[in-house]
Structure formats: C-alpha cells, structure tokens
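Every chain is numbered from 1, with letters handed out A, B, ... down the list of sequences.
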There are 2 protein chains.
Amino acid sequence: MSETLTIEYALLGFLRQQPMHGYEIHQQLTDSHGLGLVWHIKQSQLYALLSKLEQQGYISVILEPQDSRPTRKVFHLTELGQILFLEWVQSPVPQGHKLRLDFLAKLYFAHREASPLTQYLLTQQQQACQQWLITEQARAHALAPQQQFEQLVHQFRLGQLQAMLTWLAHCQEALLP
Amino acid sequence: MSETLTIEYALLGFLRQQPMHGYEIHQQLTDSHGLGLVWHIKQSQLYALLSKLEQQGYISVILEPQDSRPTRKVFHLTELGQILFLEWVQSPVPQGHKLRLDFLAKLYFAHREASPLTQYLLTQQQQACQQWLITEQARAHALAPQQQFEQLVHQFRLGQLQAMLTWLAHCQEALLP
DNA sequence: TATTGAATACTCAAGGGGTGAGTATAAATC
DNA sequence: GATTTATACTCACCCCTTGAGTATTCAATA
C-alpha cells in the first residue's frame, strides 16, 4: 500500500474500533462530524476501497442477512490490518502537500483512543518539521538573489512550516492528559 | 478540463513562451531549476498529457525530423489553449490542499511574463484567503468546547491561512515592478 | 579499439482508481 | 395511492499512471 493513501488507513482506523458495514461507514463520513470535515469520499469509492482492502487481507468480511433489508457486508479488521494501521499511525508525516490531511488523520485516531500515542505523535512530528525547516532554510540561503521565484517558494514553505510548528505546540498543550 | 489539474495548465504555460518537444519539456522540469522544485512528473506521464492536450485542441504538433536522432514532435499552443491558460492563470485558487501547488504555478507564470497580472493575482488571492479566513473563524466559534478535534482542525487551517496571507504580502513587496 | 553506459526521443500495454448510474426493497411522506 | 427518501451494495466505463520497451547515437572506459 502506498504511504500516501490516507483514506485507506483511516478506514482501518474506523474498523479498529468496531466492525462496520460499508453504508454505516459512509454515514459517519458524510455526517457533519469531525470526520466529514477532513475526508471527502463518494459512496462508490468507499465500497471499492473496502473491496480492495479485503483482497489485500487487511480486513475480512462477514455477511449479515436481514429480514427486510439488503444483506450487509460487515467488515472486520484483521491482525494484518491491525499491524499496518499501528505502523502508520505512529510514523511522522514526511513533508509535502498531503501533510495536512495525513497528519490530521493520524491525530484524529490517536486522540480518539486517548492513548499516550498522541503526545508521542506530536513530538515526532515536531522533530520532523524542525528538521525539514532547517534544510529548507539552508536551501533558501544557498539561492542566488536573482532566483526570485525559487526564493518565494522556499519562503512559502518556511511560513507554512512555522505555522505548523506553532500549531503542534498548541496541540500538545490542548491535548495534555 | 478539471480545474484542479495544475500540471496541464503549467504545460500550456511552458508552450506559451515557445514551442517545445516533449523531451525538452521533461529536461526543464527535471532540472534543478525552480520548475522541478514544484512539479514532479514522470516522462511517460508527460507524453500522455501532451497527447491528451493535443486531442483536446489546446496544443498542436509539428513533426521535425532530424538526421541522426529520432523525430521530434514539437508542440505549439493553439489559440484555444491560449485562452484556457489565460483564464486559469488569472483566477484565484479556491481553498484546499492543492492551494499551494496551484497558486505557486500561477505565480510562476505571471512572474515570468513580468506582467501586471502578478499584482492582480496576489491581490485576488489575498481577498479570497481573507474571505475564507472569516468563514473559518465563524465556524470555529460555532463549535462546542468538547469538539476538541474539530477545533484543532480549524485552528490548523487558520494558522496556515495566516501564514499564507503573510507570505502574499511579502510577495507583493518583493515583486513590485 | 571494443564495449559499456548514458543521452536522445517517444510509444505502449497493463493495471488501478474514481465516477455515474443502476438495482432492489421498505419506510416515510404527501 | 403515489412519490420520495433511506437502506445497502454493484458494476462497467473511462481516465490516469507507470514500468518497460524501442532504436539510434555519442562519450567514456578498459
């Protein structure tokens, strides 16, 4: 599984709490709760992803017939899926555009489980950002004055990184046990 | 064409300056210049995109045989492509994760042409961000205190927006004619 | 001088992902 | 009684991406 596929991991995270059928997940995701705030996904895509995850062995399915409704496919997280999820949720997010989505997803699950993982995650991400900030600064310094556009790109990144770091510090305080 | 496909527009922007063949574009994009700094694209994808743009009538191709090299396909921007590009480069970027990539692309082309478009683009984007900031603030205020995660999400966005606005102001100064 | 590697320039088949549209039943609303 | 909405999932199409391949030439190594 590619490391940039946040949604798949998020699905594993949902199923980790309790087995669910596709329609149920979809409801939670489209509800105006914090979930739908971050992830946007169409129904057909959701079902496709669940099928894929099942084929890959990260989740398993149990059919649950009902009297007067279509049969449900209830998905359970497998041990393999459990391992994959835990690996993902603990690792800091590498730099890039998807940082926002990916890190917020991790934070969501860590926070939801009220585990000490939250502080660990925040610290790790802080360090990763700090590291990245340093390299960005170095690169920005190495630029010639006439490379104006390149300088602006780096300044943009530096600004976003600074804001991220400020926010991470705020999270640490807000989420103290 | 979907409005989120930055790379296609960027290709039109390149061809606007001068006709080029695929391999040439690829070289420029993978060079460590400011271009490769922002966009990452594989060779095969580049050729596929060029074909698509040609089929759609935004660029046209002229074959250029060579003595001791494979024939080149030199792409030219058509009038239709010109119009599409100018529309794109002038419109502010809507909120979202792709904001960074998309706006940097527009700025790149506006700046490269040293046109008054640059200041216009910056102002427009500032207004869009400011507007978005206000709605975000309103939403954040409307949250209950126990919706902790949701609050953090909004604070994150607010921080990024603030950083963006600071950066935009900096750009305006740096890019004064 | 032979051979390897890199550069030039583009093509293609295969696989994967996303989307609209569809299916079928039951409850709710008008 | 009729239409709309909710439940629950399926499917086929299309587009995009990508690895791998083709074929020639030049540079470099041995």
### Task
Have a look at H21(B) and say if it touches a base, only the backbone sugar-phosphate, or nothing, with a 4.0 Å heavy-atom cut-off.
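Result for H21(B) = sugar-phosphate.
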### Query
E64(B) near the nucleic acid: base, sugar-phosphate alone, or nothing, with a heavy-atom cut-off under 4.0 Å?
nothing
Rounded to whole Å, how long is the line connecting atom [atom1] of [X] with atom [atom2] of [N]?
| X | N | atom1 | atom2 | value |
| --- | --- | --- | --- | --- |
| K42(A) | dC9(D) | NZ | C1' | 18 Å |
| Q66(A) | dA6(D) | CD | C1' | 13 Å |
| E8(B) | dT17(D) | CD | C1' | 12 Å |
| R72(A) | dA26(C) | CZ | C1' | 14 Å |

Check this one for me: any side-chain N or O of [X] less than 4.0 Å away from OP1 or OP2 of [N]?
| X | N | value |
| --- | --- | --- |
| K52(A) | dG17(C) | yes |
| K73(B) | dA9(C) | no |
| Y23(A) | dT7(D) | yes |
| Y47(A) | dT10(D) | no |

### Passing option when Y58(B) is tested against L15(B), L11(B), I83(B), L80(B) for side chain to side chain contact (heavy atoms under 4.5 Å, CB included)
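The option that passes is L80(B).
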### Message
Which residue in the set I7(A), T78(A), L84(A) passes side chain to side chain contact (heavy atoms under 4.5 Å, CB included) when paired with L12(A)?
### Response
L84(A)
### Task
Can you label the angle between the F156(B) ring and the W167(A) ring as parallel, tilted or perpendicular, going by 30° and 60°?
perpendicular
### Message
Over 60° means perpendicular and under 30° means parallel, so tell me whether F149(B) and H111(A) are parallel, tilted or perpendicular.
### Response
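Rings of F149(B) and H111(A): parallel, as their planes differ by under 30°.
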### Summary
Each nucleotide of nucleotides 21-26 of chain D classed B (base within 4.0 Å of a protein heavy atom), S (only sugar-phosphate) or -, in 5' to 3' order, makes ----SS
#### Entry: Donor-acceptor pair (no angle test) under 3.5 Å: S44(A) side chain, dG20(C) base
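A donor-acceptor contact between them is present.
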### Summary
Testing dG20(C), dG18(C), dA7(C) for proximity to the side chain of Q45(A), the answer is dG18(C)
### Chi angles and distances behind the side-chain hydrogen bond (donor to acceptor under 3.5 Å, both in side chains) call for H170(B), Q155(A)
CA-CA 9 Å; H170(B) 170 77; Q155(A) 264 153 24; 2.5 Å; yes
### Query
Would E8(A) and K52(A) pass as an ion pair if we require N to O under 4.0 Å?
yes
### Query
Taking 4.0 angstrom as the limit, do K73(B) and E54(B) come out as a salt bridge?
no
